[in-house]
There are 2 protein chains.
Amino acid sequence: MTNTTGQEIADALGTLLRRTTRARLYAHLTEGLGEALDELTYPVLSGLTRTGPCSAADLGRAVELDRTTVTRRADRLERAGLLRREPDPADGRATLLAVTDEGRELIQVTRQRLAARIERSLDAWPASDAEVFARCLRRFVEAGPFAED
Amino acid sequence: MTNTTGQEIADALGTLLRRTTRARLYAHLTEGLGEALDELTYPVLSGLTRTGPCSAADLGRAVELDRTTVTRRADRLERAGLLRREPDPADGRATLLAVTDEGRELIQVTRQRLAARIERSLDAWPASDAEVFARCLRRFVEAGPFAED
DNA sequence: GCAAAAGCGTGCGTCGCGCACGCTAAGCTG
DNA sequence: CAGCTTAGCGTGCGCGACGCACGCTTTTGC
């Protein structure tokens, strides 16, 4: 019956979230990349690479964080040289947040580490299974129960 | 090539985690179930239903939380009648944490809500696809890159 | 042109967390 | 059996992050 399918997915998702939320995961992925990039600042920098240069308020809306929280985390990233503030040429009040080359490099490294980690655990799978899973997961995330409001 | 598969999964996982970590998800799942059950206390109560009655220290190890943090969150749950403290008959120092019937009921409701939400989004899928996905996800979580240390 | 609105940074109160302390009870050793 | 060490618990305290509100500047609209 389909009922058990939903519960099974919910259960698996639960344990997955439980394990991935741990600070230890971030610690492992950002190991040796400097003090500034931690579980708090990473979402900001990573989000900024997705949105491109934008204001703190816009970034806050994008990553579901308060405007002032983004500002303070951006402070730390700026001090570490991973993020740059520049006045918006189109709006005198606004200051744009932009990822520096060094910041982009670090984000790429962490993402590559995560991908490699997943990659390695998938080595035991038949290649076709892995591709099917990836496709299903993407579909589940895109149009799934946690899509944007 | 398998490289893109790993990156695709990593990317999908990223957006999934980003959306599920939001406090809004917890707010929706625990809506109308009282103030005591929120994103902080839920992991404790849910974890306790998994472990069964145990000490705060053991529960802390199980849910990767500091002992004292478990104690304080348990205080709130106890005041709400969702959790019960009872002296360990086998050890005079220890006090066991145990889920009350009411607490178990609430956990079941939230889990059912989550399952239903997933269920509904899976209605558009072919049933066989959903089952394959569930099986893959379980395998991925069990033996995957985030397994226990 | 001037008032209302939007954007930004910062001070401040609040809250959760981890550490350290004191206390009680169990275990171990001679 | 007596004393010392160890384990378990709750709590006080300092620290850090967060959200709100304030003041300031610039833009927008009438």
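A note on names: the letters A, B, ... follow the listed sequences, proteins ahead of strands, and every chain is numbered from 1. Values in this document were obtained by computation on a predicted structure and should not be read as measured data.
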Can you give me the N/O atom pairs linking the protein to nucleotides 19-27 of chain D at distances under 3.5 Å, or say none if there are none?
unit_1	atom_1	unit_2	atom_2	d
dG19(D)	OP2	Thr69(A)	OG1	2.5
dG19(D)	O6	Arg72(A)	NH1	3.3
dT27(D)	OP1	Gly92(A)	N	2.9

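- Separating the CG atom of Leu40(A) from the P atom of dC15(D) is a distance of 18 Å, rounded to the nearest angstrom.
- Interatomic distance, OH of Tyr42(B) versus CG of Leu33(B), reported as 10.5 Å (0.5 Å rounding).
- Open room surrounds CZ on Arg135(B); 12 or fewer heavy atoms of other groups in view lie less than 6.0 Å from it.
- For the pair Leu77(A) CG and dA17(D) P, the computed distance is 12 Å after rounding to whole Å.
- For Glu35(A), the CD atom is loosely surrounded, since the number of other residues' heavy atoms within 6.0 Å does not exceed 12.
- For the residue pair Arg50(A) / Thr15(B), no side-chain donor-acceptor distance below 3.5 Å is found, with atom types taken as modelled.
- Of the candidate nucleotides dA17(D), dG10(D), dT10(C), dG10(D) has the atom nearest to the side chain of Thr71(B).
- Remark: C1' of dT11(D) and CD of Glu78(B) are 15 Å apart, rounded to the nearest angstrom.
- Per the geometry, CZ belonging to Arg85(A) stands 9 Å off C1' belonging to dC8(C), to the nearest Å.
- If you take CG of Leu59(A) and P of dG7(C), they are 14 Å apart, rounded to a whole angstrom.
- Taking atom CG of Leu97(B) as the reference point, atom C1' of dG8(D) lies 12 Å away to the nearest angstrom.
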Inset, instruction - Determine, stepwise, if the pair Ile107(A) / Leu48(A) fulfils side chain to side chain contact (heavy atoms under 4.5 Å, CB included). - result: CA-CA 10 Å; Ile107(A) 290 293; Leu48(A) 191 58; over 6 Å; no
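- A donor-acceptor pair is defined here as one N or O able to donate and one able to accept, closer than 3.5 Å; no such pair exists between the side chain of Arg85(B) and the backbone of Thr95(B).
- Summary of the strand contacts: Asp75(B) and Ala94(B) both lie near DNA chain D, and taking for each the nucleotide with the nearest heavy atom, the more 5' one is attributed to Ala94(B).
- The distance from atom CD of Glu39(A) to atom P of dG16(C) is 17 Å, rounded to the nearest whole Å.
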